[in-house]
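Structure, as structure tokens:
Ligands are counted one by one from 1 in listed order, and the atoms in each one are counted from 1 as well. Excluded from the calculations below are hydrogen atoms, water molecules and symmetry mates; all remaining heavy atoms, backbone and side chain alike, are included.
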Amino acid sequence: MATIEERLSQLRGQISSIARSCDRDPSRIQLLAVSKTSPVEDILAAVAGGQQAFGENYLQDALPKIHALQHLGLEWHFIGRIQSNKTRDIAGHFSWVHALHDFKHARRLNEQRPADLPALNICIQLNLTGERSKGGIGADELPDLLEKLQDLPHLELRGLMTMPPASADEKLQRQVFGQLRRLLQQMNDRGHRLDTLSMGMSGDMQAAICEGATMVRIGTAIFGPRKNK
Ligand SMILES: *Cc1c(COP(=O)(O)O)cnc(C)c1O
């Protein structure tokens with residue numbers, strides 16, 4: 001079996017060739033390595049392979065890893081579901097939050113962001129297919145939430161995030177990702193300055209990249225299949 005370093009380098013090659021195949025500049029696509037459930041040793045292997053940005057879903061698992069690797073200056077992204085009683089630790093330990101969809105959480109993160117850290121980068125999660133199992137707001141709620149977030153100085157509004165239904169149907173994936181891209185464009189036409197489309201995982205990165213992803217969140221293709229959690 002390939003090592004984590006080998007899989008990373010293979011994945012970077014894949015991302016570049018997908019990007020070129022749909023006329024995109026590969027350098028515009030950032031790779032976020034999703035290290036949820038992966039131990040510190042695996043993260044270190046990815047760091048050795050040149051990876052600096054990591055995504056975590058579960059705060060209790062993430063904090064010990066963040067502490068253990070503090071000396072490396074890695075960039076940590078919180079990509080999981082936000083709970084009110086966890087916002088202080090999220091605000092204190094992460095550079096990015098990808099799945100914001102509740103103004104109450106935003107207000108707490110803003111208040112709790114330590115003064116010595118730069119503003120917390122935020123992506124808003126959209127739920128474009130109405131799946132009950134997934135978080136996120138509907139497209140119709142976005143303008144209002146964006147407006148309200150502008151008043152929070154310790155949050156830096158960066159973009160939008162979504163997850164399509166788990167399906168191998170690339171046409172469906174592209175529909176959802178394309179919708180997110182158009183939404184971002186609409187918001188920028190209204191004067192916002194969003195530069196991030198956080199979309200694409202191991203199983204749908206081709207569709208996401210061709211629809212304009214600027215950050216793909218990849219776990220399995222780097223670290224291998226996760227044990228059940
Ligand atoms: C787990 C997870 C990923 C990575 O998924 P893979 O299929 O392992 O690449 C990306 N985004 C979110 C929000 C996740 O929870």
Are side-chain heavy atoms of Asp195 and Leu184 found at a separation under 4.5 Å? no

Of the protein's non-hydrogen atoms, which lies at the shortest distance from atom 12 (C) of ligand 1, and what is that distance? Ile79 CD1, 3.6 Å

Ala115: partners by side chain to side chain contact (heavy atoms under 4.5 Å, CB included), with sequence neighbours left out: none

At the 4.0 Å heavy-atom cut-off, does Arg226 count as touching ligand 1? yes

Less than 6.0 Å separating the ring centroids of Trp76 and Phe54? yes

Contact between Leu120 and Glu156 at the side-chain level, heavy atoms closer than 4.5 Å - yes or no? no

Below 4.0 Å from any atom of ligand 1, is there a heavy atom belonging to Met163? yes

Walk me through whether Leu160 and Leu142 qualify under side chain to side chain contact (heavy atoms under 4.5 Å, CB included). CA-CA 10 Å; Leu160 308 178; Leu142 181 60; 4.0 Å; yes

Ligand 1 to Ile218, heavy atom cutoff 4.0 Å, flagged ligand atoms 9 (O)

Is there a donor-acceptor contact under 3.5 Å linking the side chains of Asp169 and Ser167? no

For atom 9 (O) of ligand 1, which protein heavy atom lies nearest, and how many Å away is it? Ser202 OG, 2.5 Å

Which residue owns the protein heavy atom closest to atom 11 (N) of ligand 1, what's the atom, and how far is it? Arg217 NE, 2.9 Å

Ligand-residue contact atoms, ligand 1 with Asn57, heavy atoms, under 4.0 Å: 14 (C), 15 (O)

Considering only the protein, which heavy-atom contact is closest to atom 8 (O) of ligand 1, and what is its distance? Thr220 OG1, 2.5 Å

Ligand 1 to Gly219 polar contact by distance, N or O atoms, under 3.5 Å: yes

Heavy-atom nearest neighbour in the protein, as seen from atom 1 (C) of ligand 1, with distance rounded to 0.1 Å: Lys36 NZ, 1.5 Å

Between Arg113 (side chain) and His154 (backbone), is there a donor-acceptor pair under 3.5 Å? no

Leu31 and Met201: same hydrophobic cluster, using ILVMFWY side-chain contacts below 4.5 Å? no

Quick one: look up the protein heavy atom nearest atom 10 (C) of ligand 1 and list residue, atom name and how far away it is. Met201 SD, 3.2 Å

